[in-house]
Amino acid sequence: MSRTSALMAVLTDEPTTTSELYDRVGYPTLAQLGLIPYDAFRAELAALAALGTVDSDTAPDGSTTWRRPTPSARPAG
């Protein structure tokens, strides 16, 4: 399983915090993918956002949220 596929498997259309996604992936998968350091996990999500694979936003409490992009926001191709 790739890092991208593991992260995409836990993302939904609903905004979800980084911490919630970290918990959804689970420790065994995080260990297998080298994403146990929280900063590495968050950086992987940020890289996917930079590619347009996921959407990122800031919640009212200041936390970062992530979700699958809406169909109209997905890159062409």
Donor-acceptor under 3.5 Å (T29 side chain, G26 main chain):
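Checking the backbone N and O of G26 against the side chain of T29, no donor-acceptor pair under 3.5 Å is found.
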Between [X] and [Y], is any pair of side-chain heavy atoms under 4.5 Å apart?
X	Y	value
R68	V54	no
R67	D13	no
T16	R24	yes
I36	Y22	yes
T18	F41	yes
L48	R3	no
M8	T53	yes

Of all the heavy-atom pairs spanning L21 and V10, show the shortest one and how long it is.
CD2-O, 3.6 Å
For A49 against W66, the heavy-atom pair lying closest together
CB-CZ3, 3.9 Å
Transitively linked via ILVMFWY side-chain contacts under 4.5 Å: L7 with Y27?
yes
Just verifying a value: how many Å separate S56 OG and R42 CZ, rounded to the nearest 0.5 Å?
6.5 Å
Report the distance from atom CG of L11 to atom CG of L45, rounding to the nearest 0.5 Å.
6.5 Å
Return yes if a side-chain donor-acceptor contact under 3.5 Å exists between S19 and Y38, otherwise no.
yes
